[in-house]
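Contents: one structure, followed by commentary.
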Amino acid sequence: MGIWIAVAIVLFVFGSMMALKPSGIDQRLDRLRMTARRLELNPKLVACPDWIKGKDNEYGRGMLGQYGLVLDNVQMPHTRYKAIDGQWRPDSGVADSTSGSGGHVSTSFNLDKVALALPPTIEPFVKALLIKANSIVIYWEDIAYVRPATNPAYKSFEIEADLLILKAQLEQWALQMQASPRSRANNINANDSSVNSPHKNSTHKNSGINSKMLNKSF
């Protein structure tokens, strides 16, 4: 009788330990965010802002990953964009209830129709871009990056390379936000060329390597 009680206690303790162990998806997500934190992308899980379509394609519903950069010696207009058909499209200028400061969002066209040009493991899950003063923030469903159903090609060793491309693109978009209209037109043409290029994947890998060079521009 005492043996059965001991076995029951061991099974109970073992079951409790297994229940406390994070799931495979949670472990993947933790690794993604830890890598993003190391790359200074400041990852956060936030409530979906009311101007972004979240869960079930409804505005302001669910949670989203918020990744962004704070840039020194940079001043950008307070504006925002939505990801539509693989391009940035400006959101209409309205009062920003998510900033906590009651600031007004201006409508900027510097990134209008600029291709996202992000890895295929990230781009489909990108929702929006928020730009304020010296910061640029992207909202995306980062959990979709680690779910087998939405990213069956997930490979842990590709996380850093993908996030370096994301970081390089954030830096590039910040540069374009400070560009003149003429420079903006040139950037759009350059983006169109890169999107149609058969070497698009190699461009993605190289942009991560050039990330530190872009930082020097700030």
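Across Arg33, Lys127, Arg31, a single residue satisfies salt bridge (charged side-chain N to carboxylate O under 4.0 Å, His left out) together with Asp142, and that is Arg33.
Side-chain polar atoms of Tyr145 and Thr150 form no donor-acceptor pair below 3.5 angstrom. Thr121 and Asn151 form no side-chain donor-acceptor contact under 3.5 Å, judged by distance and modelled atom types alone.
Taking CE of Met63 as the reference point, atom NZ of Lys55 lies at 11.5 Å (rounded to 0.5 Å). Here the CG-NZ distance, from Asp162 to Lys155, works out to 10.5 Å after rounding to the nearest 0.5 Å. Rounding to the nearest 0.5 Å places CZ of Arg61 at 14.0 Å from NZ of Lys53. Put simply, CG on Leu39 and NZ on Lys167 are 6.0 Å apart, with the number rounded to the nearest 0.5 Å. To the nearest 0.5 Å, the span separating CG on Asn42 from CD on Gln66 amounts to 9.0 Å. The line from OG of Ser135 to CG of Leu71 is 8.0 Å long, rounded to the nearest 0.5 Å.
Pro119 approaches Pro124 most closely through the heavy-atom pair O-CD, 4.4 Å. Of all non-hydrogen atoms in Leu118 and Gln169, the two that sit nearest each other are CD2-CG, 3.7 Å. Closest approach of Ala128 and Ile52 over heavy atoms only: CB-CD1, 3.5 Å. Heavy-atom minimum distance, Ser108 versus Pro90: O-CB, 3.3 Å. Ile138 and Leu166 get closest at one heavy-atom pair: CD1-CD1, 3.9 Å. Here the closest non-hydrogen pair linking Val146 and Arg28 is O-NH1, 2.9 Å.
Proximity of Leu32 to Leu163: side-chain heavy atoms (C-beta onward) are separated by under 4.5 Å at one or more points. Contact of the Phe125 side chain with the Leu64 side chain is not registered, since no non-hydrogen atoms from C-beta on lie closer than 4.5 Å. Inter-residue side-chain proximity for Leu116 and Glu123 is flagged as met; some heavy-atom pair is nearer than 4.5 Å. Counting heavy atoms from C-beta outward, His78 and Ile131 have side chains that stay 4.5 Å or more apart.
There is a path of hydrophobic side-chain contacts, each under 4.5 Å, that joins Tyr154 to Ile25. Val137 and Val46 fall within the same hydrophobic cluster, defined by Ile, Leu, Val, Met, Phe, Trp and Tyr side-chain heavy atoms under 4.5 Å apart, directly or through other members.
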* Asked: What do the steps show when you test Gln87 against Val114 for side chain to side chain contact (heavy atoms under 4.5 Å, CB included), and what is the final call?
  -> CA-CA 5 Å; Gln87 298 178 327; Val114 169; over 6 Å; no
What do the steps show when you test Leu170 against Leu129 for side chain to side chain contact (heavy atoms under 4.5 Å, CB included), and what is the final call? CA-CA 9 Å; Leu170 288 172; Leu129 191 71; 3.9 Å; yes
Inset, instruction - Could you check Tyr81 against Arg89 for side chain to side chain contact (heavy atoms under 4.5 Å, CB included), going step by step and ending with a plain yes or no? - result: CA-CA 5 Å; Tyr81 292 84; Arg89 301 309 308 271; 5.8 Å; no
| Passes side chain to side chain contact (heavy atoms under 4.5 Å, CB included), Asn134 versus Asn73? Steps please. | CA-CA 7 Å; Asn134 66 334; Asn73 303 318; over 6 Å; no
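For Asp85, the CG atom is loosely surrounded, since the number of other residues' heavy atoms within 6.0 Å does not exceed 12.
Aromatic pair Tyr67/Trp140: centroids less than 6.0 angstrom apart.
With hydrogens and angles ignored, the 3.5 Å screen pairs no side-chain donor or acceptor of Lys132 with any backbone N or O of Arg80.
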